[in-house]
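What follows is one structure encoded as structure tokens, with my remarks underneath.
Labels below follow one simple rule: chain letters A, B, ... track the order of the sequence lines, proteins then strands, and each chain is numbered from 1.
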Amino acid sequence: LAKTTQPISMDSYEGQEVNITCSHNNIATNDYITWYQQFPSQGPRFIIQGYKTKVTNEVASLFIPADRKSSTLSLPRVSLSDTAVYYCLVGGTDDKIIFGKGTRLHILP
Amino acid sequence: DTEVTQTPKHLVMGMTNKKSLKCEQHMGHRAMYWYKQKAKKPPELMFVYSYEKLSINESVPSRFSPECPNSSLLNLHLHALQPEDSALYLCASSQFGDPPYTFGSGTRLTVV
């Protein structure tokens, strides 16, 4: 199982771009990298998933270097409503998906 | 329908009670999961069902009993719980056991 390491917390200001990096040194060949957002007392919400290079959707971008040992979630122009815990998960089919400690993102006005 | 629905949203039960949590999805997903989440901690995996069969039990105490009656429904039967079992219980599903996973909004359980 690929263990993930993220910063425990981050602060940023409204309108800024926020980049959260996740380290996963023992990622396996068939593992995907998936990011989730969680608000208090709610279930995690899927943000973005990738395997290599760059993936972009309407809310975020995911950058994965060639060695895949890390990944960076990029949130453009954050707002107060982006204050949440962000989890990076690594795994493939039929894996036991284990959550790391996540990153508590606090957006300031 | 792209949701995982969990009921009830909130549950308060005594230590001698028997109750059940319900999880339902109609996305045709063949893998379903139960997670437990304590305050300010990440979700912890409890059980995994694959094609309606229990494939992973993370050494969960027997007072938690999962059941998968069909491919759309997942139950968690609770009996003789302890106050430390109070937590947010999350259900998730995935298409064939591969990411991404769709999570429900959870059941907030309080054991008194």
(message) Please rank B:S50, B:G106, B:P43, B:G104 by heavy-atom pairs under 4.5 Å with chain A and give me the top one.
(response) B:P43
(request) Say whether B:Y33 and B:F96 are linked into one hydrophobic cluster, either directly or through other cluster members, by side-chain heavy-atom distances under 4.5 angstrom. (result) no
(request) Tell me whether A:Y86 is reachable from A:M10 by hopping between hydrophobic residues (I, L, V, M, F, W, Y) whose side-chain heavy atoms are closer than 4.5 Å. (result) yes
(message) Using 0.5 Å steps for rounding, measure from the CD atom of B:Q37 to the OG atom of A:S41.
(response) 8.5 Å
(message) So for A:R104, is it side chain, backbone, both, or neither that comes closer than 4.5 Å to the heavy atoms of chain B?
(response) side chain
(message) Tell me if a side-chain donor or acceptor on B:Y101 pairs with a main-chain N or O of A:F46 at a distance below 3.5 Å.
(response) no
(request) Quick one: pull up CD in A:Q38 and CG in B:L88 and give me the separation to the nearest 0.5 Å. (result) 7.0 Å
(request) Quick one: pull up CD1 in A:I98 and CG in B:L45 and give me the separation to the nearest 0.5 Å. (result) 5.0 Å
(request) Determine whether A:I27 and A:F63 fall in the same hydrophobic cluster, where Ile, Leu, Val, Met, Phe, Trp and Tyr are linked whenever their side-chain heavy atoms lie under 4.5 Å apart. (result) no
(message) For A:G43 versus B:L90, what's the shortest heavy-atom pair and its separation?
(response) CA-CD2, 3.6 Å
(request) Could you pull out the closest heavy-atom pair between B:K41 and A:Y87, with the gap in Å? (result) O-OH, 3.8 Å
(message) Given heavy-atom pairs under 4.5 angstrom as the criterion, report whether the side chain, backbone, both or neither of B:E58 touches chain A.
(response) side chain
(message) Tell me whether the count of non-hydrogen atoms from other residues, nucleotides or ligands lying under 6.0 Å of NZ in A:K52 goes above 12.
(response) no
(request) Compare every heavy atom of B:P99 with every heavy atom of A:G91, then report the nearest pair and how far apart it is. (result) O-CG, 3.6 Å
(message) Given heavy-atom pairs under 4.5 angstrom as the criterion, report whether the side chain, backbone, both or neither of A:Y36 touches chain B.
(response) side chain
(request) To the nearest 0.5 Å, tell me how far B:D98 CG sits from A:Y32 OH. (result) 8.0 Å
(message) Tell me whether A:V18 shares a hydrophobic cluster with A:I33, the cluster being built from Ile, Leu, Val, Met, Phe, Trp, Tyr side chains joined at under 4.5 Å.
(response) yes
(request) Check the hydrophobic clustering (I, L, V, M, F, W, Y; side-chain heavy atoms under 4.5 Å; chains of links allowed) and say if B:F103 and B:M27 are grouped together. (result) no
(request) Locate the shortest heavy-atom distance separating A:Q49 from B:P100; write the atom from each residue and the value. (result) OE1-N, 3.1 Å
(message) Counting neighbours of CZ on A:F39 that are heavy atoms of other residues, nucleotides or ligands and sit closer than 6.0 Å, is the number greater than 12?
(response) yes
